[in-house]
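Shown next, in structure tokens, is the structure this report addresses.
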Protein chains: 2
Amino acid sequence: MSRINLSERVTIYDVAAAAGVSTATASKALNDTGRMSAETRDRIRRVARELGFRPNALARSLTRKRSFTVGLLTDDTYGRFTLPVMAGISEGLIDHGVSVFLCAVEDNPALAKVHVDAMLDKQVDGIIATGKRIDKPLPVDLSHLSVPVVYALTAAPLEAVTFVPDDRQGAQEAVDHLIAAGRTKIVHITGPGSFRVVQERASAFAETMQSAGLPVSQAAILQGTWSERWGHEAVEALWSGENHPDGIFCGNDQIARGVIDALRERTIEVPTDVSVVGFDNWEIVAEQTRPPLTTVDMNLKELGRQAGQALVRLVNGETVEQGLWKLPCMLVVRGS
Amino acid sequence: MSRINLSERVTIYDVAAAAGVSTATASKALNDTGRMSAETRDRIRRVARELGFRPNALARSLTRKRSFTVGLLTDDTYGRFTLPVMAGISEGLIDHGVSVFLCAVEDNPALAKVHVDAMLDKQVDGIIATGKRIDKPLPVDLSHLSVPVVYALTAAPLEAVTFVPDDRQGAQEAVDHLIAAGRTKIVHITGPGSFRVVQERASAFAETMQSAGLPVSQAAILQGTWSERWGHEAVEALWSGENHPDGIFCGNDQIARGVIDALRERTIEVPTDVSVVGFDNWEIVAEQTRPPLTTVDMNLKELGRQAGQALVRLVNGETVEQGLWKLPCMLVVRGS
DNA sequence: TTGAAAGCGCTAACAG
DNA sequence: CTGTTAGCGCTTTCAA
């Protein structure tokens, strides 16, 4: 059967006709399925290449019932955490030929629902939920969808597959670094206690100190806000008393920035008198402190990549162990 | 004709059968096309709703030759500019029912090509290119594609449709603000001259000064790097000579941060002795300076939204005026 | 006002 | 080894 193709786009019919075979054969040749003589296969492929044939993914998805497309939901439009995660997801998935629908939902449940419905209508093979806090869920329930869901850097149901940075391990590396530098009077200046990461990092701090046989007094953990200002205030408080610390582990880089500035204002030398370690490796902050900040990197891009790959496995029907996957952080040593 | 649907998904056949009409009628009823009795239309719609019918967008796209999907290409995986632009695009397009494919391409031409091909295979209706610098193109040529392309915050061919912030206007607002505050000895501390935004902001600075009848000496424009350090250095240089400025317009917020810190270290009061204005409204910087920074916001989200809407218009066959669309910036007045 | 039928471009049984 | 055929789920003439 012949059929006339008026559109500029070359279809598998064109290839089949030009190669003198049926579309079925052409399809098999191009997908490396079925069996046929190597000669035929090669010829069809050559013809396809010459014609510049590109299969219409829509048509293919329709029959295969697989769109090679996933949805990415995020509630974070300004934060610095999401972009690396998204980039990692995108990078990790393109290798599998899967594309990513980006959906920014803010904290708007209605908008989130619209996006999820749109994704489902477009037959995404799965969904990745990502956000800015590991203890706050997205404003939409994804737990009873017809497609698999993977969570990254956002709160998730217990039985879900979730990827987060290993805050404990990161904090431990930071403290170990301080200890290895000969520091013994170490304090932890961190953010609001309502954040789970604050609790995790703080308890890892305490445990690491204890297992190194170092004292950790009640006053060694100072909770405040995620701000430079709080770094300043904390230093002021610490140095207004006796017994100044010689090592400070900060809950994030902004606090560390405030701490370092405050120390300099007091002409306390970093790292000679006091060593400082941050958390996040937010380069814009960490590289601008004087001296540059030693800090913990959460490997967010890698986290995104793994989330993407886990989703692909789920979509392929492979099993992925449920629960919280804690991915290792990495200490980045600079001058502080 | 009847047909059995074993999949969980309800199709238009199910709706048609349940409503006792043909699929053609069902389709028309649901898409508000064709003519039929209001009663029939309502009944079909009600049945569809009861059954939870959601049309398969893939199948629809195949016949309509329109996927309601666009590709978003970016070379910026860490910067702060891209995320708001992307969020704006996503937000502006979901209203039209169009979804966005996110593609992070770094500076990798091969990767970029892979992504563009994948998007085309998936029959995107159009492509938006975005990046971190208005004077650097993405590592892939998009000028001869079969679908329309819109550029936002990245370098583009002359005849393209491109959206960028109006740097001149933004700079002018900043300088006008300084002048309105009674400042007369104003300098501009900015980034590397190789950036087009540096040139634009600098020339707008000079022009605004001149039209206000204020002197702008050769030494009034100081180019350096986009860093706090440079802000410090510039202040040092300025205050090592005579004739200190009473107003400083900085090329970005980081420089402004350095400037403000340096001024405080010299016990020069901001804004009493010197007013400072930044550029970018990067909240994490602008809200942390002491006092908080008055700065120029580029309205990036709105820029993204407009880019998305322009693309939709192009896809719909409407015309969009070619060339550079400069979108207004907005001065955010804080304490500096 | 409604429906039958022909596709959109591709894949996958099943025959030959 | 290759081709015929029947869909995937939806839209859209065209005829009734």
Side-chain angles (χ1 to χ4, degrees), chain A residues 1-45 47-48 51-68 97 120-123 125, chain B residues 1-44 48 51-68 97 120-123 125:
Chain A
M1 165 202 159
S2 75
R3 79 197 243 164
I4 302 140
N5 181 354
L6 295 175
S7 89
E8 62 260 45
R9 188 102 192 175
V10 8
T11 75
I12 202 169
Y13 289 92
D14 302 324
V15 174
V21 296
S22 73
T23 60
T25 308
S27 173
K28 285 173 204 150
L30 296 170
N31 291 307
D32 223 347
T33 55
R35 15 191 89 272
M36 74 191 62
S37 72
E39 191 274 322
T40 316
R41 203 179 285 275
D42 290 347
R43 178 163 46 85
I44 295 172
R45 287 193 173 157
V47 168
L51 261 43
F53 170 71
R54 306 241 31 160
N56 181 325
L58 256 35
R60 178 190 299 219
S61 301
L62 197 54
T63 52
R64 288 228 225 155
K65 302 195 160 314
R66 185 104 148 58
S67 67
F68 289 90
L120 261 16
D121 289 350
K122 295 210 163 122
Q123 312 295 119
D125 298 328
Chain B
M1 167 201 159
S2 76
R3 78 196 244 163
I4 302 141
N5 182 355
L6 295 175
S7 88
E8 62 260 46
R9 189 103 191 172
V10 8
T11 74
I12 201 169
Y13 288 92
D14 302 323
V15 175
V21 296
S22 72
T23 61
T25 307
S27 173
K28 286 173 203 152
L30 296 169
N31 291 305
D32 223 346
T33 56
R35 14 191 91 271
M36 73 191 63
S37 72
E39 190 274 320
T40 317
R41 201 181 287 275
D42 289 347
R43 178 165 43 89
I44 295 172
L51 261 44
F53 170 71
R54 307 242 27 161
N56 180 325
L58 256 35
R60 171 183 289 187
S61 302
L62 197 56
T63 52
R64 289 229 224 152
K65 304 199 158 314
R66 187 103 147 56
S67 66
F68 290 88
L120 262 15
D121 289 350
K122 295 210 162 122
Q123 312 296 117
D125 297 329

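Letters A, B, ... are given to chains in the order of the sequence lines, protein chains preceding strands, and every chain is numbered from 1.
- Of the candidates C:dT11, D:dT11, D:dC1, the closest approach to any side-chain atom of A:Ser27 belongs to C:dT11.
- For D:dT11, the OP1/OP2 oxygens have no side-chain nitrogen or oxygen of B:Thr23 closer than 4.0 Å.
- Taking OG of B:Ser67 as the start and CG of B:Leu62 as the end, the distance is 11.0 Å to the nearest 0.5 Å.
- Looking at which nucleotide of DNA chain C each of B:Ala24 and B:Leu62 is closest to, the 5′-most match is held by B:Ala24.
- The CZ-P distance, from A:Arg35 to C:dC14, rounds to 17 Å in whole Å.
- Using a 4.0 Å cut-off, some side-chain N or O of B:Ser37 falls inside it from OP1 or OP2 of C:dT2.
- Between B:Arg9 and B:Arg54 the shortest side-chain heavy-atom distance falls below 4.5 Å.
- Taking 4.0 angstrom as the limit, A:Thr25 places none of its side-chain polar atoms (N or O) nearer than this to OP1 or OP2 of D:dC1.
- Counting distance only, with no hydrogens placed and no angle test, the side-chain atoms of A:Lys65 and the base atoms of D:dG9 include no donor-acceptor pair under 3.5 Å.
- For the side chain to side chain contact (heavy atoms under 4.5 Å, CB included) test with A:Phe53, the passing option among A:Ile44, A:Val47, A:Val15 is A:Val15; the others fail.
- Considering only side-chain N and O atoms, A:Asn56 lies nowhere under 4.0 angstrom from the phosphate OP1 or OP2 of C:dC8.
- Looking at heavy atoms from C-beta onward, A:Leu58 lies out of side-chain contact with B:Arg60 at the 4.5 angstrom threshold.
- Between the C1' atom of C:dC10 and the CG atom of B:Leu58 lies a distance of 12 Å, rounded to the nearest Å.
- Between the C1' atom of C:dG9 and the CZ atom of A:Phe68 lies a distance of 16 Å, rounded to the nearest Å.
- Note: NZ (A:Lys28) to P (C:dA13) measures 11 Å, nearest angstrom.
- Put simply, CE on B:Met36 is 13 Å from P on D:dT12, counting in whole angstrom units.
- In this structure, B:Asn31 atom CG and D:dG9 atom C1' are separated by 13 Å, rounded to whole Å.
- Residue A:Arg64 contributes atom CZ, which lies 21 Å from atom P of C:dC8 at whole-angstrom precision.
- The phosphate of C:dT2 (OP1 or OP2) has a side-chain N or O of B:Thr40 nearer than 4.0 angstrom.
- A:Thr40 OG1 to A:Lys28 NZ: the interatomic distance, rounded to the nearest 0.5 Å, is 11.5 Å.
- Distance CZ (B:Arg9) to P (D:dG7): 21 Å, rounded to an integer number of Å.
- B:Thr63 has no side-chain polar atom (N or O) that falls below the 4.0 Å cut-off from OP1 or OP2 of D:dC10.
- Checking C:dT2, D:dT2, D:dC10 against every side-chain atom of B:Ile12, the shortest atom distance belongs to D:dC10.
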